[in-house]
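Take a look at the structure below.
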Amino acid sequence: PVSHGKPGRAKQQKQQALNNNKNRARTNLGGSFGSPSSFRSSDPPPAALLHTFSLHDARIRSNHAVIIPYAVETGCRSRRQRSVHGSSANQGLLPSTPRCPPGSTSTAYGAGRPLHQTVHPMLKKLFKSFRSPLRRAPRPRSTPEVLSSSQHPLKRNEISRHAISVVERLQKAGYQAYLVGGCVRDLLLDIDPKDFDVATSATPEQVRAEFRNARVIGRRFKLVHVHFGREIIEVATFRANHPQGEEEENSNQAARHESGRILRDNVYGTLEDDAQRRDFTINALYYDPTQEHILDYARGMHDVRNHLVRLIGDPEQRYLEDPVRMLRAVRFAAKLDFDIEKHSAAPIRRLAPMLRDIPSARLFDEVLKLFLAGYAEYTFDLLIEHDLFAQLFPASGEALKRNPEYTEKLIRQALINTDDRIHDGKSVTPAFLFAALLWPALPARVLQLQSKGMPPIPAMQEAAHELIAEQCQRIAV
């Protein structure tokens, strides 16, 4: 029924709100300040808005918060900002026209700056933290070379059944998944892979949800290990290039040292992104055991056939991101009997000192991979050639300069014996390896201590202690 009496309390409150000058301006702008409806239209403000400002000009100027419309040209969204200080300094703040020329800025808050720079830095940082790690700027898609089963020698029966089951299970769950990296490279070269790695579009948490026998590991580079008894299948999410500038600084997924070295690398992306983020072309081959084809985004098959170790992208930039890639280039060249491509080899000698910034524990692992894999003698030659040995063993590097014949003969013979034991299936120990590598630096220190009056045996013990302490600063022996 229609009431002919006085309007109800709700109707009175609604009328009172409409009479309020700020609410009337807010309504004409299309919604409350900051709400999604405030940004829903790209049309210029209605004509009533001019009437609102002209009618209540004096009252608006007297308030401490003034809502100012910004209407940009057709195709852009309307924006509003608030100016602080409603004193006489704001007498000329209200625009005389509802449109602002393209590229113009406000004469109120943030005068002379683009609109995106007037956002408070804390709010900007908060908004960036809400971003999904999968949200990346659009990149031009690259088309891989697809090699069918008749164009490559890989066979399913040569691959770990557990690795195949991980790939197939992720694919059935709706994710992309491929065998990638060293296992594909080694199978192409008729080498038995020591392990199998999987790359997928699923995040580590999504992979963990698919496998009860999986656990997420790592902080700098988050991975998932899927356990099948003693065999571990390593699963990594597709990575993307790091954001640049301010976006990178506020990102929770990526971090760089001021030198360019990557400190945290959990920026996820597409398969194409992942191929470009890998270090060497021969490691950027993706094998799908379901379709039995290989995807080659970086001409890795070409370099496998030509026995080349080639970095993807600009070599200097990639070495700055991770200086350990210089050691990896040497290791792959020695293991596979490949040559380091000339552009990839050129910056190594100049950038070799950057290895000093790498944590000593990580370098310990890399040294074991270099010298305890059956090709230590050739690895030693490559390290000397590219001026990397002295960065790993400074004292031995100095001994190599002072007495090259004795030092090289002793180290080379120790490495030959180590390679022979590995080829014969015998055990090797890192203790012998480091003792042989550091021994050439010991005699000179012993003689120096003896010249100061220290007896021979205490001098030997003291010199060994000092030498090992210094070496631990570079490699965690």
CZ (R412) with more than 12 external heavy atoms under 6.0 Å:
yes
Could you grab the distance from atom CD1 of I233 to atom OG of S160, nearest 0.5 Å is fine?
4.5 Å
Do K426 and D420 sit within salt-bridge range, that is, some charged N less than 4.0 Å from a carboxylate O?
no
Do the side chain of D296 and the main chain of A298 share a donor and acceptor less than 3.5 angstrom apart?
yes
With distance as the sole test, does T281 use its side chain to make a donor-acceptor pair with the main-chain N or O of I312 at under 3.5 Å?
no
Atom pair CD1 (I358) and CZ (R474), whose distance is rounded to the nearest 0.5 Å:
11.0 Å
How long is the straight-line distance from NE2 of H386 back to CG of L351, given to the nearest 0.5 Å?
13.0 Å
Could K335 and D186 be called an ion pair, given the rule that one side-chain N must be under 4.0 Å from one carboxylate O?
yes
Show, in sequence, the C-alpha distance, side-chain angles and deciding distance for F238 and Y175, and conclude whether the side chain to side chain contact (heavy atoms under 4.5 Å, CB included) test is met.
CA-CA 11 Å; F238 295 151; Y175 304 110; over 6 Å; no
Are T200 and Q176 close enough that a side-chain donor and a side-chain acceptor fall under 3.5 Å?
no
For atom CG of D190, decide whether the heavy atoms of other residues, nucleotides or ligands shown that lie under 6.0 angstrom number more than 12.
no
Between E470 and L467 (side chain of the first, backbone of the second, donor and acceptor by atom type, cut-off under 3.5 Å), is there such a pair?
no
Please indicate whether H343 has more than 12 foreign heavy atoms, meaning atoms of other residues, nucleotides or ligands, lying under 6.0 Å from its NE2.
no
Hey, are E168 and R156 close enough for a salt bridge, meaning a charged N less than 4.0 Å from a carboxylate O?
yes
Okay, side chain of E234, backbone of D197: is any donor-acceptor separation there less than 3.5 Å?
no
So, F196 versus H162, ring centres under 6.0 angstrom or not?
no
Salt bridge check: are D322 and R362 linked by an N-O gap of less than 4.0 Å?
yes
Any side-chain to backbone donor/acceptor pair from T418 onto A414? Under 3.5 Å, distance only.
yes
With a 4.0 Å cut-off, would you call E231 and R161 a salt bridge?
no
When you measure from the centre of the six-membered ring of F432, is the NZ or CZ of R421 closer than 6.0 Å and no more than 45° off the axis?
no
Just verifying a value: how many Å separate S396 OG and L437 CG, rounded to the nearest 0.5 Å?
6.5 Å
Judged by atom type as modelled, is there a donor-acceptor pair below 3.5 Å linking the side chain of Y319 to the main-chain atoms of S344?
yes
Please say which of L285, I294, L295 ends up in a side-chain contact (heavy atoms from CB on, under 4.5 Å) with L147.
I294
Check whether any side-chain N or O of N306 sits under 3.5 Å from a backbone N or O of L308 as a donor-acceptor pair, and report yes or no.
no
Output, in order, the C-alpha distance, side-chain angles, deciding distance and verdict of side chain to side chain contact (heavy atoms under 4.5 Å, CB included) for W439 and T407.
CA-CA 9 Å; W439 183 267; T407 302; over 6 Å; no
Using 4.0 Å as the upper bound for N to carboxylate O, is an ion pair formed by E321 and R325?
yes
Output, in order, the C-alpha distance, side-chain angles, deciding distance and verdict of ring-ring contact (aromatic ring centres under 6.0 Å, His included) for H227 and F211.
CA-CA 9 Å; H227 295 258; F211 299 93; over 10 Å; no
Ion pair R278/D274, N-O distance below 4.0 Å
yes
Can you classify the ring geometry of H307 versus F338 as parallel (below 30°), tilted (30 to 60°) or perpendicular (above 60°)?
parallel
Answer yes or no: is there a donor N or O on one side and an acceptor on the other, between the side chain of E292 and the main chain of P289, under 3.5 Å?
no
Charged N to carboxylate O below 4.0 Å: is that the case for E316 and R350?
yes
A cation-pi test, strictly: NZ or CZ of R239 under 6.0 Å from the centre of the six-membered ring of Y268 and no more than 45 degrees from its axis. Yes or no?
no
Answer with yes or no after comparing the ring centroid distance for F389 and F380 against a 6.0 Å cut-off, counting only values under it.
yes
How long is the span from the NE2 atom in H293 to the OG atom in S150, to the nearest 0.5 Å?
12.5 Å
Looking at R277, is its backbone amide N or carbonyl O close enough to the side chain of R318 to form a donor-acceptor pair, meaning the two atoms are under 3.5 Å apart?
yes
Counting only heavy atoms not in R215 (residues, nucleotides, ligands), do more than 12 fall under 6.0 Å from its CZ?
no
